[in-house]
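Step one of this worksheet: look at the structure below.
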Amino acid sequence: MTVYDYKLIENKWQKKWEATEIYKFDKEDIENKLYCLEMFSYPSGANLHVGHWYNYGLTDSWARMKRMQGYNVFHPQGFDAFGLPAENYAIKTGIHPKDSTYKNIETMENQLKSMGATFDWDYEVVTCNPEYYKWTQWIFLKLYENGLAYRKNAPVNWCPSCKTVLANEQVIDGSCERCKDVVTKRDLTQWFFKITEYAQELLDFLPQIDWPEKTKKIQNNWIGRSEGAEIEFNIDGSDLCFKVFTTRADTLYGVTYMVLAPESELVDKITCSEYQEKVNEYKEISQKQSDIERMSTVREKTGVFTGAYAINPVNGEKIPIWIADYVLANYGTGCVMAVPGHDERDFEFAMKYNLPIKRVIKGDASAEDQLPFTEYGQLVDSMDFSGQSSDDAKNNIVEKLKQQKKGELKVNFRLRDWLVSRQRYWGTPIPMIHCEKCGIVPVPEKDLPVELPYNVEFTPDGESPLAKSEEFSNVTCPKCGEKAKRDPDTLDTFVCSSWYFLRYPDNRNESEVFNKEWINKMLPVDKYVGGAEHAALHLLYARFFTKALRDMGYLDFDEPFLSLVHQGTILGPDGNRMSKSKGNTISPDTYINEYGSDVFRLYLAFGFAYTEGGPWNDDGIKAIAKFSNRIERIVEKFMSEKVNSGKSTLENEEKELNFVRHTAIKGVTEDAEKFQFNTSVARLMELVNALYKYDAIENKNLQVLEGTIKDLLLLLAPFAPHFAEEMWEQMGYNYSIFNQKWPQFDPNALVLDTVEIVIQINGKVKDKMEVPLDLAKNDVEKMALGNTRILQIIEDKKVVKVIFVPNKLMNIVVK
RNA sequence: GCCGAAGUGGUGGAAUUGGCAGACGCGCUGGACUCAAAAUCCAGUGUUGGUAACAACGUGCGGGUUCAAGUCCCGCCUUCGGCACCA
């Protein structure tokens, strides 16, 4: 027996596929287009890891199936090539990020090709190419023109170790996502994208898209819509007034003090001179605090009195104004009304500083004075509103305030605008110029791209590396022609990845970002596959970009990704996340060398529930090698016997084989569609087992055998593409198996003459009977009661009820 | 604290949505082939008791609904994700 030489075979078919351009996307056949996309990867130095294979290999299987089902599959690939790792690597080794990145890309391209995937490399996109980031910059300019990009001086997250500003999303539990160092605050002028403008729409479209419910929930929480009211308070003895946001307008009569965030601009305006020193001191302390300290919920609340008083608009009460850092400056108005009787945080604060506590909602009397009552209930001590329910009072109180122009219903979102400036080198330069005379001046479109200079000192010292490059920095103002400076920052890499899927179909376009008519045909993406870790960031930003570009008139669809799948994570054999430091990494290369790409892909398909993932395990892969050997043997045996055997009819055996054959067609088609690859492979194994059984019969029908082997190979092809192509050739069929039609199951083959019916007594299985299909209840009952075993059990008991499920089960209830 | 998801043999994992729990594999046991081994093939394999037929138990725990529950309802436990002073 010949042993399948996978290296030779894989090489042979990869070359042939490339030479015959079999996976090239057909631009003419747009009606059948199907855009299948995996999240592109970061070009890191090492070879592909198991996660890449799991994501790309198996999504490729899905794409191959779709192709065989007649779709014109658009399956591009590219690289998310800007970012910190290359820069950090450069700082460590002295190798320039550009050099290491392009070298890594080359390695990864070759590896991806050796996987045997259907990627059409003609459409490749690399985000660090000037041809690409020219358009990233262009989009920035458009966002700026439309008021969706703006500059703001704001306290930002500062990582002292990376020496850079971080987005909220890059701060995990108060620490830097990358280096785990504690993040502190710093005031800088930064560029923001106004994603909050789209908060409501980003929320509204979630129900319509075919995404995992969990992911939608995460986005839902992240956007954090909250319905409440904005209420205006006057300041006692002054013309000044300020607004607060509250979800509990019903507790307005219980307000006993007000709190401003220490960063609030109002603080200095209202603070009385005798309190100024204390207030300044407090502001300074809270400014210095790191997020990890400030966010800690165990920490005792602190604050200081400003000396000023506000007037409660509903009852004219004079209430003290404090500042405290438990109030966030960038949510709502940065000021809150404190109701210690009905809010835990306010209660804690009031207890500490001996502020009055008023109860205005009837709650549990016994718990009073010890705990705040935070539920809804009936109002008390609230003048005209006493006796109303919280729900009613909320509206009625705001209605009353509205008449006095002191309040209105208001929706707030937890979502913050997206901070995109990075004080880093290896990224897309921000196409803006700062002129002393003209202020902020956008780089004219004709001057794009603003190229990233090669020779730059990028060791981090807190200053943007680009600011240190004279050649880059110094520029003449496009408006007045005077000397000016370029913006020294680069864009967050999430900006690059927020629109790459829009560039793929038109990646060579030099005159526009993409052709509108064309991408309206090509998009949205039909199937998007990638890690769940991007649920809140990339996937939200990409949605925002799509909507913004739509409103600016560059495309016509609302959502970028119609259907989304997250692959699970393959863990180390010890059940932990793979990491070099834990020494539990699995290198695919070891297995590829021993078994080849197909067996490795098949094992990934079979060994895990795709969306779950799980710990790596060696044992399974040998079983897959065995399985593919079994297929090879049956093909060989068939070819050697083909010549000298006749044809006979063995109806029952044929029927049995046919049943398994069509069960497999149906099962693989339906399960692989849902990314349930493990059960798809299980159906193929069943089919192979049935083939062996049938093959062992003396008078087998060779035509039936051949037809079944043919279907087996077709069903196997997406999962083991090189192997299936090779077997296809050995069967004497024409190239290529991937140009064949996907098999259809025959419903008749799934209908058997007889079925097994389970006989239960009181819900417990007592016997099984083989009966003709669709046998009526009466007949089954007669048979069951004619069964001595059943008779014995029910002997002296009374039959109360008989439940019958056709072709499945009969339950006899006895007493 | 809040919001999600999950918990099934020794093991990876199935189960058409209320109808035979454990498909398909791995592992294990026995057998065939072999001088022998590997490979391959065949049979068995949830647990407990029994020589056996069979019986009882069994999908994290405790209740419930139902002729029938891994699946539905109520109350817990554990693990993993997400958010976290958002007023």
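Note on naming: letters A, B, ... go to the chains in the order of the sequence lines (proteins, then strands), and numbering restarts at 1 for each one. Because only heavy atoms are used, hydrogens play no part in the values below, and waters and symmetry mates are left out as well, while side chains stay in.
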Quiz item: Counting any heavy atom closer than 4.0 Å, what does A:Glu756 reach on the DNA or RNA strands: base, sugar-phosphate only, or nothing?
Solution: base
Exercise. Identify the two heavy atoms, one from A:Ile759 and one from A:Ala784, that lie closest to each other, and give their separation to 0.1 Å.
Key: CD1-CB, 4.1 Å
Quiz item: Between A:Tyr326 and B:A87, does any side-chain N or O lie under 4.0 Å from OP1 or OP2?
Solution: no
Quiz prompt | Identified pairing partner of B:G22, criterion: Watson-Crick or G-U wobble below 3.5 Å | solution = none
Quiz item: Mind checking who B:A68 pairs with, Watson-Crick or G-U wobble, both distances under 3.5 Å?
Solution: none
Quiz prompt | Donor-acceptor contact present, side-chain A:Asp417 to main-chain A:Thr196, <3.5 Å | solution = yes
Quiz item: Heavy atoms under 4.0 Å, any strand shown: does A:Gly613 hit a base, just sugar-phosphate, or nothing?
Solution: sugar-phosphate
Quiz item: Which value, in whole Å, describes the distance between the C1' atoms of nucleotides B:U48 and B:A37?
Solution: 38 Å
Self-check item: Sugar-phosphate, base or nothing in reach of A:Asp343, heavy atoms under 4.0 Å
Solution: nothing
Quiz item: Counting just side-chain N and O atoms, does A:Arg630 come under 4.0 Å of either OP1 or OP2 of B:C41?
Solution: yes
Quiz item: Hey, does A:Val805 reach any base, or is it just sugar-phosphate, or nothing, if we go heavy atoms under 4.0 Å?
Solution: base
Quiz item: What nucleic acid atoms does A:Asp346 come within less than 4.0 Å of, heavy atoms only: base, sugar-phosphate, or nothing?
Solution: nothing
Quiz item: Can a salt bridge be assigned to the pair A:Lys777 and A:Glu781 using a cut-off of 4.0 Å between side-chain N and carboxylate O?
Solution: no
Quiz item: Can you tell me how far P in B:U65 sits from the matching atom in B:C73, rounded to whole Å?
Solution: 15 Å
Quiz item: Between the base of B:C26 and the side chain of A:Asp619, is there any donor-acceptor pair under 3.5 Å?
Solution: no
Quiz item: Choosing from B:C24, B:C20, B:A14, which nucleotide comes nearest the side chain of A:Met685?
Solution: B:C24
Quiz item: Taking the side chain of A:Val765 as heavy atoms from C-beta outward, which of B:A21, B:G81, B:C26 is closest to it?
Solution: B:A21
Quiz item: Is B:U40 paired to anything, Watson-Crick or G-U wobble with both distances less than 3.5 Å, and if yes, which nucleotide?
Solution: B:A32
Quiz item: Rounded to the Å, how far apart are A:Lys626 NZ and B:G25 C1'?
Solution: 9 Å
Quiz item: Hey, does the side-chain of A:Lys801 have a donor or acceptor N/O within less than 3.5 Å of a partner on the base of B:C67?
Solution: no
Exercise. If B:A53 has a Watson-Crick or G-U wobble mate with both distances under 3.5 Å, name it; if not, just say none.
Key: none
Exercise. With the side chain of A:Ala682 defined as its heavy atoms from C-beta on, choose the nearest nucleotide among B:A23, B:A87, B:G81.
Key: B:A23
Quiz item: What distance, rounded to whole Å, do you find between the two P atoms, one in B:C61 and one in B:A36?
Solution: 49 Å
Quiz item: Which base, if any, makes a Watson-Crick or G-U wobble pair with B:A15, both distances under 3.5 Å?
Solution: none
Quiz item: Ion pair present between A:Asp695 and A:Lys637, side-chain N to carboxylate O less than 4.0 angstrom?
Solution: yes
Self-check item: Below 4.0 Å: OP1/OP2 of B:A55 and any side-chain N or O of A:Lys766
Solution: yes
Exercise. Provide the distance between the two C1' atoms, one in B:A56 and one in B:G44, to the nearest whole Å.
Key: 22 Å
Self-check item: Below 4.0 Å: OP1/OP2 of B:C57 and any side-chain N or O of A:Lys764
Solution: yes
Quiz item: Distance between the C1' atoms of B:G25 and B:A15, in whole angstroms?
Solution: 16 Å
Quiz item: Hey, does the side chain of A:Asn617 come within less than 4.0 Å of B:G27's phosphate (OP1/OP2), counting only N and O?
Solution: no
Quiz item: Which value, in whole Å, describes the distance between the P atoms of nucleotides B:G60 and B:C54?
Solution: 29 Å
Quiz item: Taking the side chain of A:Phe606 as its heavy atoms from C-beta onward, which of B:C24, B:A14, B:C67 lies nearest to it?
Solution: B:C24
Exercise. Determine, step by step, whether A:Tyr54 and A:Trp616 satisfy the ring-ring contact (aromatic ring centres under 6.0 Å, His included) criterion, reporting the C-alpha distance in whole Å, the side-chain angles of both residues, the deciding distance to 0.1 Å, and the verdict.
Key: CA-CA 12 Å; A:Tyr54 196 54; A:Trp616 176 261; 9.7 Å; no
Quiz prompt | N or O in side chain of A:Thr679 less than 4.0 angstrom from B:A23 OP1/OP2 | solution = no
Practice problem: Just call it for A:Gly224: base, sugar-phosphate, or nothing, with non-hydrogen atoms closer than 4.0 Å on any strand. | Solution: nothing
Quiz item: Under 4.0 angstrom, heavy atoms only, what part of the nucleic acid is A:Tyr692 near: base, sugar-phosphate, or nothing?
Solution: nothing
Quiz item: So does A:Lys301 reach the base of B:C85 with its side chain, donor to acceptor, closer than 3.5 Å?
Solution: yes
Quiz item: So what does A:Lys622 touch, heavy atoms closer than 4.0 Å: a base, only the sugar-phosphate, or nothing?
Solution: nothing
Self-check item: Base-pairing mate for B:C85 - Watson-Crick or G-U, with both contacts under 3.5 Å
Solution: none
Practice problem: May I ask you to say what A:Gln676 touches in the nucleic acid, namely base, sugar-phosphate or nothing, with a heavy-atom cut-off under 4.0 Å? | Solution: sugar-phosphate
Self-check item: Donor-acceptor under 3.5 Å (A:Ser264 side chain, A:Leu266 main chain)
Solution: yes
Quiz item: Heavy atoms under 4.0 Å, any strand shown: does A:Lys217 hit a base, just sugar-phosphate, or nothing?
Solution: sugar-phosphate
Quiz item: Are the side chain of A:Asn584 and the backbone N or O of A:Ser579 linked by a donor-acceptor pair below 3.5 Å?
Solution: yes
Self-check item: A:Arg683 side-chain proximity, nearest of B:A23, B:A87, B:C26
Solution: B:A23
Self-check item: Proximal nucleotide (of B:A14, B:C24, B:C85) relative to the A:Asp325 side chain
Solution: B:C85
Practice problem: Grab the two heavy atoms, one from A:Pro262 and one from A:Tyr282, that are nearest each other, plus how far apart they are. | Solution: CG-CE2, 4.0 Å
Quiz item: Does B:G22 adopt a syn or an anti glycosidic conformation, taking syn as a chi angle within 90° of 0?
Solution: anti
Quiz item: What is the distance, rounded to the nearest whole Å, between atom CG of A:Leu328 and atom C1' of B:A87?
Solution: 9 Å
Quiz item: What integer number of Å spans the P atoms of B:C20 and B:C72?
Solution: 16 Å
Practice problem: Check whether any side-chain N or O of A:Asp671 sits under 3.5 Å from a backbone N or O of A:Gln676 as a donor-acceptor pair, and report yes or no. | Solution: no
Quiz prompt | Rounded distance in Å between the C1' positions of B:U51 and B:C76 | solution = 45 Å
Practice problem: From the options B:A21, B:A87, B:C3, select the nucleotide whose nearest atom is closest to the side chain of A:Asn221. | Solution: B:C3
Quiz item: Between B:A87, B:G82, B:C24, which nucleotide gets closest to the side-chain atoms of A:Ile218?
Solution: B:G82
Quiz item: Would you call B:U17 syn or anti, using the 90° rule around 0?
Solution: syn
Self-check item: Among B:C20, B:C24, B:G13, the nucleotide that comes nearest once only the side chain of A:Asn678 is considered
Solution: B:G13
Quiz item: Side chain of A:Val327: nearest nucleotide among B:G25, B:A23, B:A87?
Solution: B:A87
Quiz item: With both distances under 3.5 angstrom, what nucleotide forms a Watson-Crick or G-U wobble pair with B:G27?
Solution: B:U45
Quiz item: For B:U78, which nucleotide in any strand shown is its Watson-Crick or wobble partner with both distances under 3.5 Å?
Solution: B:A6
Quiz item: Would you say A:Val360 and A:Ser382 make side-chain contact, with heavy atoms under 4.5 Å?
Solution: yes
